Asker: 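Structure incoming, see below.
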Amino acid sequence: MARLYEYFYGQDSSAGTRVALIVALAVLVHLTVKLIRFISEWIIRKSHSQKGRLDFVTHQPKFITLIQLLANAATFALYFLAIGLVLQELGVDLAKYLASAAIIGLAISFGSQGLVQDVVIGLTLIFSDAMDVGDVVEIAGTVVVIGRVDEIGLRFTKLRNFYNQVIFVPNRTIANVSRYLHGGVFAYADVQIPAAGHRAKVVQSIENTAAGMWMQFGAIILEEPVVGPVETVTGGGWEFVRVHFRIWPGQGNLIETTFRQQIICAMKNFSPTYAEWQVPVTYRALTAAKHVKPAQESNPGKPPG
């Protein structure tokens with residue numbers, strides 16, 4: 001600092017001047033840090049609220065995490081430099097200061113291997129697109145957790161599960177990530193139409209039951225169920241209607257029990273002998289026989305659906 005003052009002013013600086021320069025440097029560093037944090041937070045808020053060209057930011061945490069990482073790195077560098085210059089004014093050799101800092105940093109890294117693993121795996125998760133903020137995922141590791149991703153940090157990945165619990169998963173414990181690409185699980189209930197029933201009335205009853213399920217269990221059924229057209233099974237002769245559900249992962253029992261029993265009660269108004277086997281529930285869309293051949297021809301080796 002004394003040499004810097006002498007360079008600009010052509011004379012030696014007094015002790016009071018050096019103290020003033022140290023204070024000015026501290027204030028400058030502090031204001032610079034605040035400015036960096038303000039700009040980074042503004043960019044993050046802007047990326048969350050703005051649509052259009054920056055819309056990708058609301059779905060991927062890369063940009064947000066990169067801004068935070070750069071801001072933290074710049075903050076650390078500024079404080080590190082300021083402390084070094086202040087110590088230099090107090091008579092500490094700057095080279096010794098840097099050497100001591102390197103040794104301390106090495107010791108800390110050995111003593112905080114878990115922290116280093118968290119940071120490395122966190123960056124890997126972010127930049128490899130293993131999962132994005134807003135995805136519904138299943139994370140396997142020390143425990144298995146299913147939930148919606150709220151935040152991917154450098155130490156923890158924050159999930160919100162079915163019970164609205166916020167779960168912090170240490171990044172180093174994540175061994176496998178399974179993404180539900182559509183934000184949930186698709187369940188399909190094939191409701192066989194009673195032979196003695198009036199088709200239009202049966203379909204209307206199925207639609208009413210599906211709508212009632214959605215209204216009652218909206219936290220589990222994530223969107224309005226879709227009732228497909230009446231399809232005829234070639235070779236079998238029976239008719240069925242496929243009801244499409246998108247549900248929270250692990251909650252298929254609601255469709256297999258509650259919805260099935262509701263449908264059976266409704267169908268018994270048309271056929272008293274209506275049974276459970278007439279309402280199979282699957283988790284893979286199976287195309288009716290009359291549509292299988294074109295689907296297989298256009299997608300060889302790929303299951304239809």
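Throughout, residue positions are numbered sequentially from 1 according to the sequence presented. Just so it is clear, the model here is predicted, and its values are computed rather than measured.
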Asker: Working to the nearest 0.5 Å, report the span between CZ of Arg242 and CD1 of Ile206.
Answerer: 12.5 Å
Asker: Does any non-hydrogen side-chain atom of Glu151 lie less than 4.5 Å from one of Phe156?
Answerer: no
Asker: State the CE-CD1 distance between Met267 and Ile263, to the nearest 0.5 angstrom.
Answerer: 5.5 Å
Asker: Do you know which of Thr142, Ile139, Val145 makes side-chain contact (heavy atoms from CB on, under 4.5 Å) with Ile174?
Answerer: Ile139
Asker: Do Asp190 and Thr282 meet the criterion of a side-chain donor-acceptor pair at a distance under 3.5 Å?
Answerer: no
Asker: Any side-chain heavy atom of Leu125 sitting closer than 4.5 Å to one from Thr157?
Answerer: yes
Asker: Can you check side-chain contact (heavy atoms from CB on, under 4.5 Å) on Glu138 and Tyr180, steps first, answer last?
Answerer: CA-CA 8 Å; Glu138 177 181 308; Tyr180 295 94; 3.3 Å; yes
Asker: Leu254, Tyr163: one ILVMFWY side-chain cluster at the under-4.5 Å cut-off?
Answerer: yes
Asker: Shared ILVMFWY cluster between Val226 and Ile247, side chains joined below 4.5 angstrom?
Answerer: no
Asker: Could you check if a side-chain atom of Phe162 sits within less than 4.5 angstrom of a side-chain atom of Ile220, using non-hydrogen atoms only?
Answerer: yes
Asker: Quick one: does any side-chain atom of Ser205 pair with a main-chain N or O of Lys201 as donor and acceptor, under 3.5 Å?
Answerer: no
Asker: Measure from the ring center of Tyr188 to the ring center of His244 and say whether it is less than 6.0 Å.
Answerer: yes
Asker: If you measure from OG on Ser271 to CD1 on Ile264, what distance do you get to the nearest 0.5 Å?
Answerer: 11.5 Å
Asker: Quick one: does Tyr274's side chain have a donor or acceptor within less than 3.5 Å of a partner on Gln192's backbone?
Answerer: yes
Asker: Between Gly228 and Val241, which heavy-atom pair has the shortest distance, and what is it?
Answerer: O-CG1, 3.4 Å
Asker: Return the minimal non-hydrogen interatomic distance between Gly183 and Leu222, and the atom names on each side.
Answerer: O-CD1, 3.3 Å
Asker: Taking the side chain as every heavy atom from C-beta outward, state whether Val281 and Arg260 have any pair of such atoms under 4.5 Å apart.
Answerer: yes
Asker: Which atom pair, heavy atoms only, marks the closest approach of Pro225 to Ala210?
Answerer: CG-O, 3.6 Å
Asker: Applying side-chain contact (heavy atoms from CB on, under 4.5 Å), run through Phe240 and Ile193 and close with a yes or a no.
Answerer: CA-CA 5 Å; Phe240 70 94; Ile193 297 179; 5.7 Å; no
Asker: About how many Å separate CG of Asn208 and CD of Gln204, when rounded to the nearest 0.5 Å?
Answerer: 4.5 Å
Asker: Looking only at non-hydrogen atoms, find the nearest pair between Thr209 and Ala266 and report the distance.
Answerer: OG1-CB, 4.3 Å
Asker: Between Arg199 and Glu239, is any pair of side-chain heavy atoms under 4.5 Å apart?
Answerer: yes
Asker: Is it possible for you to say whether Val143 and Val137 belong to one hydrophobic cluster, with membership spreading through side-chain heavy-atom contacts below 4.5 Å?
Answerer: yes
Asker: Could you grab the distance from atom CD1 of Ile255 to atom OG1 of Thr258, nearest 0.5 Å is fine?
Answerer: 8.0 Å
Asker: Determine the minimum heavy-atom distance between Ala189 and Phe245, stating which atoms define it.
Answerer: CB-CE1, 4.4 Å
Asker: Check for a donor-acceptor pair, side chain of Thr173 on one end and backbone N or O of Pro170 on the other, with a separation under 3.5 Å.
Answerer: yes
Asker: Closest heavy-atom contact between Gly122 and Ile152?
Answerer: O-CG2, 4.4 Å
Asker: Assigning hydrophobic clusters by single linkage (Ile, Leu, Val, Met, Phe, Trp, Tyr; side-chain heavy-atom cutoff under 4.5 Å), is Tyr283 placed with Val136?
Answerer: yes
Asker: Is any side-chain heavy atom of Trp248 closer than 4.5 Å to a side-chain heavy atom of Arg148?
Answerer: yes
Asker: Out of curiosity, does Leu159 fall in the hydrophobic cluster containing Val166 (side-chain heavy atoms, cut-off under 4.5 Å, transitive links)?
Answerer: no
Asker: Does Asp132 use its side chain to pair, donor to acceptor, with the backbone of Asp135 at less than 3.5 Å?
Answerer: no
Asker: Before giving the answer on side-chain contact (heavy atoms from CB on, under 4.5 Å), spell out for Ile221 and Met213 the whole-Å C-alpha distance, their side-chain angles and the decisive distance to 0.1 Å.
Answerer: CA-CA 8 Å; Ile221 302 174; Met213 289 287 295; 4.0 Å; yes
Asker: Decide, yes or no, whether a salt bridge links Asp118 with Arg155 under the criterion of side-chain N to carboxylate O below 4.0 Å.
Answerer: yes
Asker: Between atom CD of Gln261 and atom CD of Glu276, what is the distance when rounded to the nearest 0.5 Å?
Answerer: 4.5 Å
Asker: Aromatic contact between Phe259 and Phe217, with the criterion being ring centroids under 6.0 Å apart: yes or no?
Answerer: no
Asker: I'd like to know if the side chain of Arg246 reaches the main chain of His182, judged simply by a donor and an acceptor atom lying under 3.5 Å from each other, with no hydrogens or angles considered.
Answerer: yes
Asker: Using the side-chain contact (heavy atoms from CB on, under 4.5 Å) rule, take Leu35 and Leu31 through it: C-alpha gap first, then chi angles, then the decisive distance, then the call.
Answerer: CA-CA 6 Å; Leu35 179 62; Leu31 293 178; over 6 Å; no
Asker: Strictly under 6.0 Å, is that where the ring centroids of Phe80 and Tyr97 end up?
Answerer: yes
